[in-house]
Chemist: 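Below you will find the structure I want to go over with you.
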Amino acid sequence: MALNIEQGSTSHSAYNLRSTFSDVEERHTLAVMVENEPGVLARVIGLFSGRGYNIESLTVAEVDHTGHTSRITIVTTGTPQVIEQIKAQLGRIVPVHEVHDLTVEGRSVERELALFKVEGQGEARVEALRLADIFRASVVDTTLESFIFEITGTSDKVDAFAELMRPLGLTEMARTGVAALSRGSAG
Amino acid sequence: MTQAMTGARMVIQALTDQGVDTVFGYPGGAVLPIYDELFQQSGIKHILVRHEQAAIHAAEGYARSTGRVGVAIVTSGPGATNAVTGLTDALMDSIPILVISGQVPTFLIGTDGFQEADTVGITRPCTKHNWLVKDTDALSRTLHEGFHVARSGRPGPVLIDVPKDVQFATGTYTAPEAIRSRYQPGTKGDPAVIAALAQAIETAERPVLYTGGGVINAGPEASRLLRDLVAKTGIPITSSLMGLGAYPASGERWLGMLGMHGLYEANMAMHGCDLLICVGARFDDRITGRTDAFSPQSIKAHIDIDASSINKVIPVDIPILGDCASVLTDLLEAWEARGSKTDRAAMSRWHAQIDAWRAQDCLRYKGSETVIKPQYALQRLEALTKGQDRYITTEVGQHQMWAAQFLGFEAPNRWMTSGGLGTMGYGFPASIGVQVAHPGATVINVAGEASWLMNMQELGTAAQYRLPVKQFILNNERLGMVRQWQQLLHGERYSQSWSEALPDFVKLAEAFGAKGIQCSDPDKLDEAIQEMLDHDGPVVFDCLVEKHENCFPMIPSGKAHNEMLMGEAATEQAIEAGGAVLV
């Protein structure tokens, strides 16, 4: 007997083109809309640590004050089965309203903001400034021995900038983690 | 619709408005205002347990046997931490309970106050949801939301932490009708996928239904629909430990329980089927054995209310997200609308194959005329209570598996056992909860002596409320299941698995004002069991059984369903190194 139903497809997800049980790890960006109530972030983080899922990046902030809604953006990695589990597990947390997988729900943009402290003098200091210009990083603080650069971009871009700054005297770095939105109208 | 009152009064009002008639609990400093209100009313009966863990298990027993939300009240700090095992148990088995815990006053939170614990932090991973209520005006709303969350979707335990000053303060009470919760899990399955399952039933040659606790949770209507489906299609049916009773044990298509200690015919049918329909079960590791060899030739359908249960362990072909009762209604309708077809010729070959497996008589054991075999004790208990208004609870271990194998359940909500968490000490307090809910029924806790000792203080509760619970202890003076595994896996080195310095159970019962019976002679067993059943009060029955009996059949860890151990023979080297790390 033959049934033409894609293995691993679920009735709550329209994205059944991939095999859910592949061993290949994927990187997914999830946007989780939650009730802005005490402990909600602990619930989300506790889910990831309790069930052994990865968090590569996590950002959270209130996005709708009157609607008491916060948006948690999580970048995670896992096999397709694990990613499906993460979404389903997130979805059953009582104060979670919506879970969006931006990686599969069409195109999205991702941005991260980072602050870099680069200390140095002479040629290295000039080179740091020159590279910052190329990366469109702006100087938000300066002393005679240091700069603080502010850079916004994808995580890859921030990583690349960090690589270049390291030999030029990078001493401290602060990153916000990824914020992401799907492209086009909200639908 | 709204009314001003103190927080403590609100708790009583909310319980009353939610139709609660019984709460289980234990007072303490941080819940004194609530207990003061309990004292001044008569609508809600309070059962004073002897340990908070027992309050939670009793509420579970109450909930599982009635289908309603069980309620417990505990104090702050140790009261709340003692509740953690019960909450985790209820979470694993999807039992709807609501626990109200006291908390130190809001101005003391965070100061390491006396009997302060971060209760919402501690219980966050072991509840479906929990709340700390810091404002009396929010209390009634939170209580009603708690009941709603506990019983909606996949049921589970919730906890509401109420600081003492919130109990004292006056606020506005809101009735449940005025509240609309945002938490509204869907119950209806996707018709297109249900139609695909109906089609699969028509062409299946070797179909099997595998049902679980979700059918019980979906209410009596789900069990009725399941029976209807089996009667109309002739599909053989097995169940997990949690689902026993949804289909009657006397039913024509009943295969018995499946899994690690499941019946040969049930496991062989799972292994050999070409269509596996899972209804409200979750492919637990006790069920699947080796997952890569699990039911290798079948198309798999899974009906479940919880999206995270689908494709978690076993990939399925026909996933249906919805309430069991709703989906079974739609499935029957869809299948009947298509002409109520099955492959009759193939099905009768399948039934014949199952009869051949059944003829193996996998529960066969070596009888004895001198020692009571535990299986025999349960067969006699079954025979002497058959047809009665009977509820069974169990502890955890060999006796639990034998109870599942040898007792027959004809209706849902009659079997209370700790399935997911495997909590020793569950059965006695659960039997108290069941008896409180069903005062006239015969409530029996099938126990092992070691498990039973874990919450034996509840004899005080049983005696105080004259609850005629029957504690049927299969006493082998061993942690039987541990001993069995040490025999099979650890070179017969019986590390710490015998029960030294056991009490005299008869005297122990009598010390609490209960009745004690001891029996060691198979010839006198019937008489002794009858004496237990006839006594109108709590009974501790010390049934001295064969000490080294092993529980079979058994699927060893790391093995597939068709690699069962059937008896004492051939158990050596049964579990390989890879399987030894599994539990």
Side-chain angles (χ1 to χ4, degrees), chain A residues 1-16 18-23 33-53 64 67-69 78-99 101, chain B residues 118 120-121 124-132 134 145-146 148-149 152-154 156 158 181-183 185-186 189-194 196-197 199-200 202-207 274-275 298-302 305-322 343 346:
Chain A
M1 85 196 224
L3 263 180
N4 192 22
I5 294 178
E6 186 72 28
Q7 185 153 90
S9 64
T10 58
S11 58
H12 58 281
S13 166
Y15 304 97
N16 56 2
R18 303 159 298 126
S19 161
T20 308
F21 286 79
S22 141
D23 290 336
M33 307 306 293
V34 301
E35 185 79 19
N36 191 12
E37 65 175 33
V40 66
L41 184 61
R43 283 177 212 286
V44 170
I45 293 171
L47 166 66
F48 277 76
S49 63
R51 294 188 184 264
Y53 305 141
D64 177 3
H68 304 285
T69 306
T79 62
Q81 184 204 6
V82 167
I83 300 287
E84 286 300 319
Q85 260 297 297
I86 290 172
K87 288 190 276 184
Q89 293 287 353
L90 283 169
R92 72 183 194 142
I93 295 177
V94 172
V96 167
H97 299 321
E98 290 165 42
V99 180
D101 186 342
Chain B
D118 175 11
V120 286
R124 198 173 284 131
C126 62
T127 51
K128 183 176 174 187
H129 197 58
N130 63 12
W131 296 263
L132 167 64
K134 287 183 163 176
E145 173 82 1
H148 173 72
V149 169
S152 305
R154 179 175 176 178
V158 300
S181 171
R182 192 162 175 177
Y183 179 71
D190 183 339
V193 190
I194 292 172
L197 177 54
Q199 187 191 344
E202 290 173 358
T203 51
E205 296 178 355
R206 305 182 306 279
D274 69 345
L275 174 65
S298 62
I299 285 178
K300 297 176 184 69
H302 189 178
I305 189 106
D306 177 10
S308 74
S309 285
I310 296 175
N311 282 326
K312 180 173 68 178
V313 179
I314 298 292
V316 299
D317 310 279
I318 309 176
I320 303 171
L321 185 62
D343 185 341

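The chains referred to below are lettered A, B, ... by the order of the sequence lines, with proteins before strands, and numbering in each begins at 1.
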Chemist: What pair of heavy atoms forms the shortest contact from L47(A) to Y53(A), and how long is it?
Modeler: O-CD1, 4.1 Å
Chemist: Testing the basics here: between N311(B) and Q81(A), what is the closest heavy-atom pair and its distance to 0.1 Å?
Modeler: O-NE2, 3.3 Å
Chemist: Taking all heavy atoms of D317(B) and all of S298(B), pick out the closest pair and write down the distance.
Modeler: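 Shortest heavy-atom contact: OD2-O, 4.1 Å.
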Chemist: Between K300(B) and P319(B), is there a donor-acceptor pair closer than 3.5 Å when you use the side chain of the first and the backbone of the second?
Modeler: no
Chemist: Between D306(B) and chain A, with a heavy-atom cut-off of 4.5 Å, which part of the residue counts as in contact: side chain, backbone, both or neither?
Modeler: side chain
Chemist: Sort by residue number and list every residue of residues 33-44 of chain A having at least one heavy atom under 4.5 Å from chain B.
Modeler: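 Within residues 33-44 of chain A, the residues under 4.5 Å from chain B are E35(A), E37(A), G39(A), A42(A), R43(A).
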Chemist: Do any N or O atoms from the side chain of D343(B) and from the backbone of T203(B) form a donor-acceptor pair under 3.5 angstrom?
Modeler: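 No; judged by distance alone, with no hydrogens or angles, the pair does not exist.
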Chemist: Mind listing the closest non-hydrogen atom pair of A88(A) and S308(B) along with its distance?
Modeler: CB-CA, 3.4 Å
